[in-house]
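Working notes for the structure below.
Below, each value reflects all heavy atoms present in this structure, side chains not excepted, and no hydrogens, waters or symmetry copies. Protein chains get the first letters and strands the later ones, always in sequence-line order, with residue 1 at the start of each.
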Amino acid sequence: MQPTPFEYAPAPESRAVVDIASSYGLYIDGAFVDGTGRRFKTVNPATEEVLAEVAEASGGDVDRAVKAARHAYNRVWSKTSGRDRGKYLFRIARILQERAREFAVLETLDNGKPIKESRDVDIPLAAAHFFYHAGWADKLSYAGFGSDPKPLGVAAQVIPWNFPLLMLAWKIAPALAAGNTVVLKPAETTPLTALLFAEVCEQADLPPGVVNIVTGAGATGQALVEHADVDKVAFTGSTEVGKAIARAVAGTRKRLTLELGGKAANVIFDDAPIDQAVEGIVRGIFFNQGHVCCAGSRLLVQETVADEVVERLKRRLTTLRLGDPMDKNTDIGAINSPEQLERIRTLTGIGEEEGATRWSAPCELPDRGYWFAPTLFTDVSQAHRIARDEIFGPVLSVLTFRTPDEAIAKANNTPYGLSAGVWTEKGSRILRMANAVRAGVVWANTFNHFDPASPFGGYKESGFGREGGRHGLAAYLDVA
Amino acid sequence: MADRLEVRKTYKLFIGGAFPRSESGRSYEVTDTKGRFLANAAHASRKDARDAVTAARKAFGGWSGATAYNRGQVLYRVAEVMEGRRAQFVAEVAAAEGVQNRRAEAVVDAAIDRWVWYAGWTDKLAQVLGSANPVAGPFFNFSTPEPTGVVAVLAPQDSALLGLVSVLAPVLVAGNTAVVLSSYARPLPAVTLSEVLATSDVPGGVVNILTGAAAEVGPWLASHLDVNAIDLSGVDDPDLARELEKAAADNVKRVRRPASEDWNADPGMSRLRAWVETKTVWHPIGV
Amino acid sequence: MTLTVPTPLADAATSDAALRRFLHGLPGVDQVGAEGRAANLATRSIKTTAKAYAIDLAIRMIDLTTLEGADTPGKVRSLCAKAVRPDPTDPSTPSVAAVCVYGDLVGLARDYLGDSGLHIAAVATAFPSGRASLEVKLADTRHAVAAGADEIDMVIDRGAFLSGRYLQVYEEIAAVKDACGEAHLKVILETGELATYDNVRRASWLAMMAGADFIKTSTGKIAPAATLPVTLVMLEAVRDWRDATGTLVGVKPAGGIRTTKDALRYLVLVNETVGIEWLTPDLFRIGASSLLNDLLLQRQKLASGHYSGADYVTVD
């Protein structure tokens, strides 16, 4: 054995690339304004350090923002040609690319995700979404919705904390390309990159009021989606809140799209490319600490290879590096909030009580911050809550099957239907599984890939409407 | 400073990412619409055309194999660099087409916007032209557009920049590579465009631009067996166009005939459709 | 999908058909997934103390190589001098693992290296093409061993492999292993000619079954030579072989590894695929020539705090 083992020295990303103000207002009508509500703090979940104070937008603030969006829509944006809307979006895409490192660092500080992921996934994909939709702005008549599809008007958008800037891009880029103006509310635990995005809008000379950012928690979101003058509500988040929003807009003229929870099955057949399947399982559930609505949280393994797959998976999990999200070599960052950590602990506790066998990767958890070691449960049955409830954390439930039909039945035995994975070297089986699984995205021999050209969204209680691709434009056009 | 003696530019061919003179050593005088000398342009020969086709073929694998997103980024970058050369384009268009500066500015702006329009198409083309086909049987069946290959473009004679951009950019969107023969009498904006392409992120050989006569170079391109398609937009002589189309039939080239065009009109998708093949894939579905 | 080696091993190695059944029963390798994993590991950031450690380790793992038609005694002499003392300005610089030369130059290398402790590897078996009769290949091997080589880098018959004559490949490796005597056998798969990762995995297993002490990517004469994903697949093979047999087989990427950054990426790959057990010159080698000087430049930079230049390392 080596005298000095090959330990990676700390490789921290520099924090100096981003300036965080001590306090932020709301971005309304092209300017930062003070809110009239109380203020709240946003913290770094890896250190519990307070990063900034942020305004909680009141009902009155939300009303101002919606009025600004309406005004901008009526006076400017609805009269701006598709070509020019596209040019603004191209500018935004380029500015995001130019300031990518700044956004990556800020995202990691506010969210707790590893810098490797914010740098290589979140921010480049966000820029790509703007770039892709920029090209649509002057081509809407070719998108399959008639010769001159019209925008809806003012869009109210509420996004989650797991991919803050990327979810913003998924919402704002198609809305603006289609000709809508927006009021967007980022999640209360991760508001900072949305506020920095306001600066991007200014650098791009986007007309005031086209994009408005209001920060706050549930009440702010509720005020926004219930505002009488919004034409469209788009929500990404929990199924529970999604249902409440669906009730709130019932009987109004508001269009609605929802991207909600999931409990995806990741199905491994015995002829799978096993080393890549193990990587895919890891990517499926441990990417972004498992804070992914389409995470492959239910592993369905064919019994012939179940022991071998689990053994290889455990060995692989021992190489995951958990710790400082700002370290370039970190694979698993912090849990986003104490509330989420508590939920993960509760559900994993129930998993043990119900008789499943728990195994966690041996890793040291930092003293401060919110952490949870990568964990998997074996001996899980369909009846267990860890096989049914969305945990939204780095926790994998392993189940087995014997035949393709059994795999399909188990994969579909959930109220959710956002995504699924299939691993086999047999092409016809991939397509059979893809046909049979009731989910909006099916990954074959890969998992958790995203692209602006690829529509994303759920079946059943995972929501309706698609984001991305040609289909995603429908969410922001008057084509229903 | 008004009487400072300017440093003039040498206008050359653009082949494989480099700027050679014609291998023939020939050049011809380019004048403005009033007959005043502007520059000597390289007079491309049959061998220059041959070299350009070789370069285009060599570049085809990389360009067609790049992701659509990447091609979009690269083509948008071309528009950015064109914007930076706006003044030069305006001067050249004004001289070439005999129009006032304001008119030339509008032409250049339209040309840059046209490039942006096409840049946005790269990652949408398959979504609009492709399809999943519900065949009657246990098969997954889909169709996607793929680039035709090397496209020879005889660029419009009248519209030296907007016309050129309007015929060149759609060739590149799907991943084709191009050999372009510019307007004979108005070649200078084309050479400047080649300088833009060389300093954008467009790989060498993806676009090759020749200056010279359609009657001389055209037949060699039309009959070249390693050219897959030809755009005859710049052939004003109907007899020549017919001869070139006949020659093109030898290897079943896709041919776009000359037609009167309004370069300011919405370009639509017709030029995008012209340079793609449709590939349909079948795969069984079963356990 | 089982990875158990048939027992007795001879069962699988009795015919082309039996070998085919076994090798084609190994799990497939998904190209996109394997390349994605290698690319992901390539983003590891190795800094400060880890970098210093890794640079010295990489130097100690080098098979310093010259395999040119124009090789002369003078060239081999300077190669040997460089191998023993890579940086004359800094005696703390470790020696490389071995020099790697053609068989006819082994005797000279042995004279120059004496009892320095460095290994001498000879390429043999009609390197690089492998197109010769078995008798010639064995004679090539025996000559090199007799001249003092303690490591033999043989090439497999890629033609035989690609046409499914697995037994021939197997028997040839086994015969060369026998001819090696005490010398260690590195089996060059020439992955650039095998073309698919599935083939790389199968050839890795075939070589290990036939007795390879090391499996090596490339001759350096065919592009592509070593790549990260090819090496990943080979590391997975030695890992699975260890699980199946308890035996540790080494891995040697060779060709195209020219910079410190490249070398560190390979070490990361080893560290995270098979673990620190393999992070030793006994089980991991890098076949290279120009790499050494880049490692020395980086080593000088770490020591001095400023960038060095090509004039401050020796050309050999």
Side-chain angles (χ1 to χ4, degrees), chain A residues 1-13 114-117 119-121 268-283 287 301-302 304-309 311-312 315-316 318-321 326-331 423-426 443-449, chain C residues 1-4 24-58 60 197-198 201 229 232-233 235-237 239-240 243 264 267-268 270-284:
Chain A
M1 214 53 74
Q2 294 303 305
T4 25
F6 186 26
E7 294 288 351
Y8 304 160
E13 179 58 74
I115 186 74
K116 182 174 78 172
E117 290 179 7
R119 179 194 68 196
D120 295 346
V121 181
I268 317 288
F269 285 95
D270 61 8
D271 64 347
I274 190 165
D275 289 309
Q276 288 73 49
V278 167
E279 289 307 315
I281 296 165
V282 172
R283 185 186 177 100
F287 172 62
V301 201
Q302 198 155 16
T304 41
V305 290
D307 291 345
E308 184 184 340
V309 167
E311 187 192 317
R312 282 166 180 259
R315 179 157 63 187
R316 173 69 176 85
T318 60
T319 69
L320 288 175
R321 306 170 63 86
M326 287 286 278
D327 191 302
K328 294 170 197 164
N329 292 323
T330 291
D331 299 315
W423 296 80
T424 166
E425 292 253 286
K426 191 167 179 181
W443 284 290
N445 292 338
T446 188
F447 210 96
N448 271 347
H449 270 281
Chain C
M1 189 183 275
T2 174
L3 291 171
T4 312
H24 289 248
L26 293 167
V29 185
D30 184 76
Q31 181 189 349
V32 174
E35 291 175 355
R37 171 68 175 150
N40 196 281
L41 284 175
T43 67
R44 289 291 193 218
S45 182
I46 306 302
K47 300 291 184 203
T48 60
T49 53
K51 188 171 184 180
Y53 176 77
I55 286 173
D56 279 9
L57 181 59
R60 293 197 292 121
Y197 296 118
D198 288 327
R201 171 166 288 178
L232 171 68
V233 170
L235 286 165
E236 288 166 352
R239 177 199 65 196
D240 294 344
D243 289 352
L264 297 195
L267 297 188
V268 165
V270 174
N271 192 34
E272 302 207 23
T273 308
V274 289
I276 56 167
E277 209 174 344
W278 260 265
L279 280 173
T280 152
D282 294 339
L283 287 169
F284 195 75

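- In terms of heavy-atom proximity, C/Val29 sits nearest to A/Gln276 at CA-OE1, 3.5 Å.
- Using a 4.5 Å heavy-atom cutoff, the side chains of C/Asn40 and A/Lys116 are in contact.
- Closest approach of A/Thr319 to C/Glu272, counting heavy atoms only: CG2-O, 4.1 Å.
- For the pair C/Val268/A/Tyr8, a side-chain contact is recorded, criterion being any heavy-atom separation below 4.5 Å from C-beta on.
- No part of C/Asp282 comes within reach of chain A, as not one of its non-hydrogen atoms sits under 4.5 angstrom from that chain.
- When the candidates C/Ser45, C/Ala34, C/Gly36, C/Gly28 are compared by the number of heavy-atom contacts under 4.5 Å with chain A, C/Ser45 comes out ahead.
- Between chain C and the residues A/Thr304, A/Thr318, A/Asp331, the largest count of heavy-atom pairs under 4.5 Å involves A/Asp331.
- With a 4.5 Å cut-off on non-hydrogen atoms, C/Leu232 does not touch chain A at all.
- Residues A/Val282 and C/Arg37 fail the side-chain proximity criterion, which asks for heavy atoms closer than 4.5 Å.
- With a threshold of 4.5 angstrom between heavy atoms, C/Asp30 approaches chain A through its backbone and through its side chain.
- Ranking C/Ile46, C/Thr49, C/Thr48 against chain A, the residue ahead of the rest is C/Ile46, based on heavy-atom pairs under 4.5 Å.
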Salt bridge (charged side-chain N to carboxylate O under 4.0 Å, His left out) between C/Asp240 and A/Arg312, worked out: CA-CA 10 Å; C/Asp240 294 344; A/Arg312 282 166 180 259; 3.1 Å; yes
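- Only the side chain of A/Asp120 comes within less than 4.5 Å of a heavy atom of chain C; its backbone N, CA, C and O stay farther away.
- Per-residue heavy-atom pair counts under 4.5 Å with chain C were compared for A/Lys328, A/Arg315, A/Glu425, and the maximum is reached by A/Arg315.
- A heavy-atom distance below 4.5 Å is not found between the side chains of C/Val270 and A/Phe6.
- Residue A/Arg316 touches chain C through its side chain alone, counting heavy-atom pairs closer than 4.5 Å.
- From A/Asn445, atom CG reaches atom CD of C/Gln31 across 12.5 Å, with rounding to the nearest 0.5 Å.
- Put simply, CG on C/Leu41 and CG on A/Asn329 are 10.0 Å apart, with the number rounded to the nearest 0.5 Å.
- The shortest distance between side-chain heavy atoms of A/Asp275 and C/Arg201 falls below 4.5 Å.
- Atom CG of C/Asp243 sits in a crowded spot, with more than 12 heavy atoms from other residues, nucleotides or ligands closer than 6.0 Å.
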